[in-house]
Amino acid sequence: MSRELGKQYNPRENEDKWYSHWEKEGLFSARPSPHKPPYCIVIPPPNVTGILHMGHALNDTLQDILIRYKKMRGFEALWMPGTDHAGIATQNVVEKSLAKEGLKRQDLGREKFVERVWEWRQLYGSTIINQLKKLGCACDWGRTRFTMDQEYSLAVTEVFVRLYEKKLIYQGDYIINWCPRCQTALSDEEASHQEIEGSLYYLKYPLQDAPQEFLTVATTRPETMLGDTAVAVNPKDKRYQKYIGRYLILPLINRPLKVIADEMVDMEFGTGAVKVTPAHDPNDYNLGKKHSLEFINVMTPDGRMNEAAQKFKGLDRFKAREAVIEEMKSQGLLEKITPHTLSAGHCYRCNTIVEPYLSKQWFVRMKPLSGPAIKAVKKGKVKFHPERWTKVYLNWMENIQDWCISRQIWWGHRMPVYYCSACQAKDPKKGIIVSRTKPLKCPRCSSTELKQEEDVLDTWFSSWLWPFATFYWPFSSSCQPSAVSLQPKEKKEHEIKIKERKADLKYFYPTATLTTASEIIFFWVARMIMAGFEFTGKIPFKDIYIHGTVRDSQGKKMSKSLGNAIDPLKIISEYGTDALRFSLVFGAQGQDLYLSREKFEQGRNFANKIWNASRFVIMNLGADFTAETTKGAAYRDLDTVNRWILSRFYSTLEKVNRELEGFRFNEAANSIYSFFWHEFCDWYLELVKPQIAQKDTRAVMYEVLEKTLRLIHPFMPFISEEIWQRLKPETGISILKQEWPRLEKKFIDRKVEAEMEELFNVINSIRNMRAEMEINPASQVDIRLACNDTKLIRELEPLSSCIKNLAKVGNLGFGEKYQAGKNQYAVVSKNMQIVMPLEGFTDIQQQIEKTNAKIEKLSSEIINKEKMLGNADFTARAPKEIVENERTKLCGMKEQLKKLEAIKNGLR
RNA sequence: GGGCGAUUAGCUCAGUUGGUUAGAGCGUCUGAUUUACAUUCAGAAGGUCAGGGGUUCAACUCCUCUAUCGCCCACCA
């Protein structure tokens, strides 16, 4: 490959090329290896209908960083990819496309509709996968799983049956969250509560035995009054004592309602009297059970009023609300309406307000599952990063509610439940068969009239098995379809396959790290931990990294519906994948991420900087350099500058290691960024320019660049590969196959770093002087450095040429002491005075003022420091080093002050 | 009603267990272009670390209260 580099980095030319190279070389695949420790991440499976958004981009970049980092560190790192069938979401998408043809899913029927969804998946299911490839994800694609795969589905069935057999799954009539648009039940987590501005309606219900008297109730959902079967008051409420046990007449319906007493009624709220609608409110449901009330459902599944609503039948629930109010008003039974904000559940898929609705559903008893999952987190076997999410998790787990898992949709895992109509005819509670395979006949009555349950399972009921079901757990059933008819040879092969799969799970599971967004903790993370314990007896992962929510520059959550989303693919095509990735990671850790297009420029600029620095290095090595060219001499022969950059590299490496191990991605990115740009480029390369032909310098320059590219690689895989391929003097498949640089502490030399600090101070001060004095940038100045610390002078003298080159100095002199003199200008760098002849430069008054300001500031700092050191408590109680440190500091400051004063006098 | 987070330069944010004279990027201003990069380089201006109180020799950092903003959870009709 040619080593010539263009002037600008062009991501488009590189990305696809290197991605297919990695895939071709099999760099992403991982197999159990006796010689390597395992490291595994299972991807949070994106919806099969999904398109890559910034949330994915961030989440998957972080995982890719971990995977590439661990691969380089010598782990057998597996990133398990796949997609989620996303029941409701996918069904909605396909229904929308049907709607374009003027069809509803009912027009097709269940079987045809499900076929359509599979076709849809065939066509679009790989979109998101391809987009992850654009992002550079190092997933082991050969393992790609889908939650509706036949083998995955076997795991779902297995789990359902096991839980049912343990009596942890039950069916029953309860109030659940019903989405009238999707026409299915939702779990509590799927109904997201949002505040809405509503009203509180005060309705007057007349007494049966005294129709002129009324009891007023307050409600936010007046349409549900049609299903009222009681009115409740608090037994302690003096106002209502006399009504308890008497009857009211429900207006519009004329149903007698008993006034019941119950502690749970809040006397403060509304009128203190509550209408009770057991079929449409969870509290009222409980009251209904407790007081044996009638349950009257007044709505149809699509959110309209049913025949129980009598003349309101057919009206949409919100239209019915208006109609009911209108009617009550005309009958003089509406007392008042007051504004009221309430929080209402919204369907997390279509944002429709959910209706608390009484229906027969399937539930998982969660309490028995939560115990081990709570303990594991409390004991630190599973850790959240940042740690604060632990509390959120524990709080939810400790108050866990049963999980409604049945969905009245068609796309999903049909429940392995079969009904025997013969048995059910006798007793509806009987005749339920739960089985791994479809039973041929009823075990009780031998009837063959069996019907499978229509409902499908909640999508999360399959996702919660993801960390082990992706490894083909529970194995046993894998051979099922034709197991009986297998030939001996096939059978043997099959056994080997099973054995391999078991070894695979054993090696990679428990997985190492799970990376996800905080919204998913309840839906997925918590449930995976429970499933892990219940079905494998182990934790599913050790670390959970929760990243921030991606927001726009206004702080709004980025979403398609709000129209504020920045499309990551667009950023990729404009700025390149590496720029996108770097900018995302560069953002805050664990905090929410505010994004704007400008943020990505920073990533692009960094990529370009890497490109050009490398271009410079390659140019100077000569495009035909070899391993011989890049081989350096012994460390002891290196000069300060070269020793310094090695020291800084290894200091940076140490920091980056620590930061990555602690999931502080942004800090790691930051460390690499400032090392590369400000130390390697701004200082080192500038310093060595004059000596670039030296063999040792070339070797060090090469080595540091090559190793830095390895640090960059997990963050910016494409550009690091592209340059590395041109840089390598010997063959190698990929930078990803290189070892993560080993930390060589012997190269970290604080003394060299301190010397160089001093050099930088001097150069900065001279540059500063020149700018202040408006000296022609092209012209050289003569400088004398004055310092009574001869050791310092001895250290700096060999670096004279550096000062001359980087600060444009002609003659550079060293002197022990500064003597105030006319026509001299001087400043104080940390430990020395820098003296410049003043001839020809004007505006001395300004310099005097500046110097005065400095003196003033320094003086007050000295006073503070003296006070501090004068404090007996301080010297007595603070650690010795600190006190000593402060003393030296004070000395230095006093020196500085003296020098400044000398300068001031010199200026006069 | 509970819980969590945020509040540091004009903007976006760093600041690891308390211990230099509080940092970066963007933006602004000044200057630089045959010499790797203007997607650049050099320099400057800009902060009573939201406010009150406390602990400590020492607080941006720990505790407490208050304010503002945001998120999550909860059955208040």
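As the structure is a prediction and not an experimental result, all values here were calculated from the model.
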remark   = Assert: residue with more 5' nearest nucleotide on RNA chain B, out of A/Arg658 and A/Asp873, is A/Arg658

Between [M] and [N], how far apart are the [atom1] atoms? Round to whole Å, please.
{"N": "B/A6", "M": "B/C13", "atom1": "C1'", "result": "12 Å"}
{"N": "B/C49", "M": "B/U7", "atom1": "C1'", "result": "10 Å"}
{"N": "B/U61", "M": "B/A22", "atom1": "C1'", "result": "11 Å"}
{"N": "B/U16", "M": "B/C73", "atom1": "C1'", "result": "30 Å"}
{"N": "B/U39", "M": "B/A44", "atom1": "P", "result": "23 Å"}
{"N": "B/A74", "M": "B/G2", "atom1": "C1'", "result": "8 Å"}
{"N": "B/G19", "M": "B/A58", "atom1": "C1'", "result": "7 Å"}
{"N": "B/U34", "M": "B/U48", "atom1": "P", "result": "42 Å"}

Taking only the side-chain heavy atoms of [X] (C-beta and beyond), determine which of [options] contains the nearest atom.
{"X": "A/Lys889", "options": "B/A77, B/U20, B/C72", "answer": "B/U20"}
{"X": "A/Tyr673", "options": "B/G15, B/G25, B/U20", "answer": "B/G25"}
{"X": "A/Val265", "options": "B/G19, B/G25, B/A77", "answer": "B/A77"}
{"X": "A/Pro879", "options": "B/G19, B/G3, B/U16", "answer": "B/G19"}
{"X": "A/Gln602", "options": "B/G19, B/G25, B/U16", "answer": "B/G25"}
{"X": "A/Arg388", "options": "B/A77, B/A74, B/G5", "answer": "B/G5"}
{"X": "A/Val274", "options": "B/A74, B/U21, B/A77", "answer": "B/A77"}

Calculate the interatomic distance between [X] atom [atom1] and [N] atom [atom2]; express it in whole Å.
{"X": "A/Tyr393", "N": "B/C71", "atom1": "OH", "atom2": "C1'", "value": "21 Å"}
{"X": "A/Glu195", "N": "B/C71", "atom1": "CD", "atom2": "C1'", "value": "13 Å"}
{"X": "A/Glu667", "N": "B/U17", "atom1": "CD", "atom2": "P", "value": "10 Å"}
{"X": "A/Glu679", "N": "B/A24", "atom1": "CD", "atom2": "C1'", "value": "14 Å"}
{"X": "A/Lys290", "N": "B/C75", "atom1": "NZ", "atom2": "C1'", "value": "14 Å"}
{"X": "A/Glu387", "N": "B/U17", "atom1": "CD", "atom2": "P", "value": "12 Å"}
{"X": "A/Lys655", "N": "B/G23", "atom1": "NZ", "atom2": "P", "value": "15 Å"}
{"X": "A/His547", "N": "B/C71", "atom1": "NE2", "atom2": "P", "value": "17 Å"}

query = Which part of the nucleic acid, if any, lies within reach of A/Asp266 when heavy atoms closer than 4.0 Å are counted: base, sugar-phosphate only, or nothing?
reply = base

message = Does A/His280 reach a base, just sugar-phosphate, or nothing at all? Heavy atoms under 4.0 Å.
response =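 Nothing, no heavy atom under 4.0 Å.
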
message = Just by distance, no angles: are the side chains of A/Asn234 and A/Asp266 close enough, under 3.5 Å, to form a donor-acceptor pair?
response =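 No, A/Asp266 and A/Asn234 have no side-chain donor paired with an acceptor closer than 3.5 Å.
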
Which residues satisfy the side-chain contact (heavy atoms from CB on, under 4.5 Å) test with [X], sequence neighbours excluded?
{"X": "A/Asp578", "answer": "A/Tyr9, A/Met716, A/Pro717, A/Phe718, A/Ile719"}
{"X": "A/Lys204", "answer": "A/Phe214, A/Thr216, A/Leu333, A/Glu335"}
{"X": "A/Thr875", "answer": "A/Val883, A/Arg887"}
{"X": "A/Ala230", "answer": "A/Ile260, A/Val276, A/Leu293"}

B/U21 OP1/OP2 closer than 4.0 Å to side-chain N/O of A/Lys865 = yes

key: Where protein sits on nucleotides 34-44 of chain B, one letter per nucleotide: B base, S sugar-phosphate only, - none, heavy atoms under 4.0 Å   = --BB-BSSSSS

query = Would you say A/Glu387 has more than 12 foreign heavy atoms packed within less than 6.0 Å of its CD?
reply =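 At most 12 heavy atoms, drawn from other residues, nucleotides or ligands, come within 6.0 Å of this atom.
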
query = If you draw a 6.0 Å radius around CD in A/Glu686, do more than 12 non-hydrogen atoms from other residues or ligands fall strictly inside?
reply =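 It does: A/Glu686 CD has more than 12 such atoms within range.
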
query = Which stems, defined as runs of 3 or more consecutive Watson-Crick or G-U wobble pairs with both pairing distances under 3.5 Å, involve RNA chain B?
reply =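 Looking at RNA chain B, the stems formed by three or more consecutive pairs are B:1-7 with B:67-73, B:10-13 with B:23-26, B:28-32 with B:40-44, B:50-54 with B:62-66.
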
ask   = Ignoring hydrogens and geometry, is there a side-chain-to-backbone donor-acceptor pair from A/Asn620 to A/Phe616 under 3.5 Å?
value = yes

ask   = Any donor and acceptor pair, going by atom type alone, linking the side chain of A/Asp281 with main-chain N or O of A/Thr277 inside 3.5 Å?
value = no

request  = Using a strict 4.0 Å threshold on nitrogen-to-oxygen distance, state whether A/Arg658 and A/Glu661 make a salt bridge.
outcome  = no

message = Does A/Lys609 qualify as a cation-pi partner of A/Phe680, given the criterion of NZ or CZ under 6.0 Å from the six-membered ring centre and within 45 degrees of its axis?
response =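 Ring-cation test returns no.
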
